[in-house]
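See below for the structure under consideration.
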Amino acid sequence: AYWVAAFEYVLQRRERIVLVSYESLCAAGQSAIARICERTGIADEGELEGAAESIKEAPPPRRDGCSPTPALLERATSVHARLLEAQILA
């Protein structure tokens with residue numbers, strides 16, 4: 001429930017936050033970093049290529065044995081969908 005509440009908080013402030021899914025970042029590499037820098041006003045000083053090379057694929061989701069209630073699972077699914085809609089690398 002903590003992470004769901006934390007991401008709901010982030011979504012309430014999305015006009016001040018740049019959202020990027022890690023999977024999108026991994027897939028887009030250097031162009032993703034360039035877009036993030038453009039959106040945040042950070043100048044490319046020739047270091048983007050090296051930064052892009054350091055991005056690794058995300059590990060598979062970890063299942064820690066918790067069993068969320070159906071209501072929490074529905075809430076988490078809704079928050080996840082809204083986060084994906086709000087990201088800049090869709």
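Throughout, residue positions are numbered sequentially from 1 according to the sequence presented.
- Here CZ of Arg75 is found 15.5 Å from NE2 of His80. Values are rounded to the nearest 0.5 Å.
- Remark: side-chain polar atoms of Gln87 are paired, donor with acceptor, to backbone N or O of Ser21 under 3.5 angstrom.
- Residues satisfying the side-chain contact (heavy atoms from CB on, under 4.5 Å) test with Arg13, not counting sequence neighbours, are Tyr9, Ile17.
- Remark: the backbone N or O of Val20 is not paired with any side-chain donor or acceptor of Ser24 at under 3.5 angstrom.
- Proximity of a side-chain donor or acceptor of Tyr22 to a complementary backbone N or O of Lys56 within less than 3.5 Å is detected.
- Note: Leu73 CG to Thr69 OG1 = 8.0 Å, rounded to the nearest 0.5 Å.
- Among residues two or more places apart in sequence or in another chain, the side-chain contact (heavy atoms from CB on, under 4.5 Å) test is passed with Ala32 by Leu25, Ala28, Leu89.
- The structure places CD1 of Ile33 at 6.5 Å from CD1 of Ile36, a figure rounded to the nearest 0.5 Å.
- The side-chain contact (heavy atoms from CB on, under 4.5 Å) check on Arg82 picks up Glu8, Leu11, Ser78, Val79, with sequence neighbours excluded.
- Annotation: side-chain contact (heavy atoms from CB on, under 4.5 Å) contacts of Ser67 (sequence neighbours excluded): none.
- Applying the salt bridge (charged side-chain N to carboxylate O under 4.0 Å, His left out) definition to pairs two or more places apart or across chains, none involves residues 15-31.
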